[in-house]
Amino acid sequence: MQADWWYENIVEPGKLPMLLCLGAFVVTFILTRVITRMIRAGIGPFKNNVSESGLHIHHAVPGIILLIIGALMAIRGPESPWIEIAGILIGVGTSLILDEF
């Protein structure tokens with residue numbers, strides 16, 4: 001019964017890539033905020049991540065790269081699993097970019 005609902009309401013109308021995009025966005029945003037707070041508090045595995053003279057790449061850079069790759073995959077065509085992967089990449093990339101600002 002639930003499998004029928006999932007297929008009829010999510011998969012068949014083509015909503016799965018958008019759902020994956022939303023899920024990837026939310027999970028990435030939460031993880032990025034938690035990691036950033038841990039760095040600023042000096043706790044966890046990322047506590048020594050910031051240095052005065054070290055190279056720091058803001059997470060908007062990989063976010064832009066993931067967003068571009070996801071967009072190119074999305075316009076390539078609606079073949080599965082590429083369109084679902086594109087949705088995930090777009091969600092993660094958008095989250096990283098938005099979090100940076």
Side-chain angles (χ1 to χ4, degrees):
M1 182 78 165
Q2 285 184 348
D4 293 335
W5 177 90
W6 177 261
Y7 184 78
E8 291 173 5
N9 293 297
I10 304 297
V11 176
E12 190 176 34
K15 297 177 184 177
L16 183 58
M18 286 300 292
L19 182 64
L20 291 172
C21 183
L22 175 64
F25 178 88
V26 170
V27 169
T28 303
F29 194 83
I30 291 170
L31 285 175
T32 305
R33 287 286 84 213
V34 167
I35 291 170
T36 302
R37 296 289 179 191
M38 290 173 68
I39 290 170
R40 289 185 179 170
I43 59 173
F46 305 104
K47 63 184 173 189
N48 296 326
N49 192 358
V50 179
S51 65
E52 292 180 24
S53 62
L55 175 66
H56 176 74
I57 298 175
H58 292 274
H59 48 272
V61 175
I64 291 169
I65 293 168
L66 290 174
L67 186 60
I68 291 169
I69 292 170
L72 290 173
M73 288 174 69
I75 63 173
R76 182 176 176 267
E79 300 94 25
S80 192
W82 300 110
I83 195 71
E84 288 85 4
I85 295 169
I88 293 169
L89 291 177
I90 290 170
V92 171
T94 305
S95 177
L96 291 172
I97 293 168
L98 182 66
D99 184 70
E100 189 70 47
F101 296 103

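We count residues from 1, following the sequence as given. What you see is a predicted model, and the numbers here were worked out from it, not measured in a lab.
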Take atom CZ in R33; do more than 12 heavy atoms of anything else shown fall under 6.0 Å from it?
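Yes, enclosed.
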
Shortest non-hydrogen contact from [X] toward [Y]:
{"X": "A74", "Y": "A86", "result": "N-CB, 3.8 Å"}
{"X": "A24", "Y": "V92", "result": "CB-CG2, 3.8 Å"}
{"X": "M73", "Y": "I85", "result": "CE-CG2, 3.6 Å"}
{"X": "E84", "Y": "E79", "result": "OE1-O, 4.5 Å"}
{"X": "L98", "Y": "F25", "result": "CD2-CZ, 3.6 Å"}

- Answer whether the closest heavy-atom distance between the side chains of L89 and L67 falls below 4.5 Å.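 A side-chain contact under 4.5 Å is absent here.
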
*Just wondering, do L72 and I75 contact through their side chains at under 4.5 Å, heavy atoms?*
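The answer is yes, as the side chains (C-beta and beyond) meet within the 4.5 Å cut-off.
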
Enter the distance from [X]:[atom1] to [Y]:[atom2] here, rounded to the nearest 0.5 Å.
{"X": "I30", "Y": "I35", "atom1": "CD1", "atom2": "CD1", "result": "12.0 Å"}
{"X": "I90", "Y": "L20", "atom1": "CD1", "atom2": "CG", "result": "11.5 Å"}
{"X": "T28", "Y": "L96", "atom1": "OG1", "atom2": "CG", "result": "6.0 Å"}
{"X": "M18", "Y": "I83", "atom1": "CE", "atom2": "CD1", "result": "10.5 Å"}

Verify the cluster assignment for [X] and [Y]: are they in a single hydrophobic cluster under the rule of side-chain heavy atoms below 4.5 Å apart?
{"X": "L31", "Y": "L66", "answer": "no"}
{"X": "W82", "Y": "L19", "answer": "yes"}
{"X": "V61", "Y": "I69", "answer": "yes"}

Report yes or no: does S95 contribute a side-chain atom to a donor-acceptor pair with the main-chain N or O of G91 at less than 3.5 Å?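 Looks like no, no N/O pair under 3.5 Å.
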
- [ ] Taking N9 for its side chain and W5 for its backbone only, find out whether a donor-acceptor pair lies under 3.5 Å.
- [x]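 Side chain of N9 to backbone of W5, a donor-acceptor pair under 3.5 Å: yes, one is there.
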
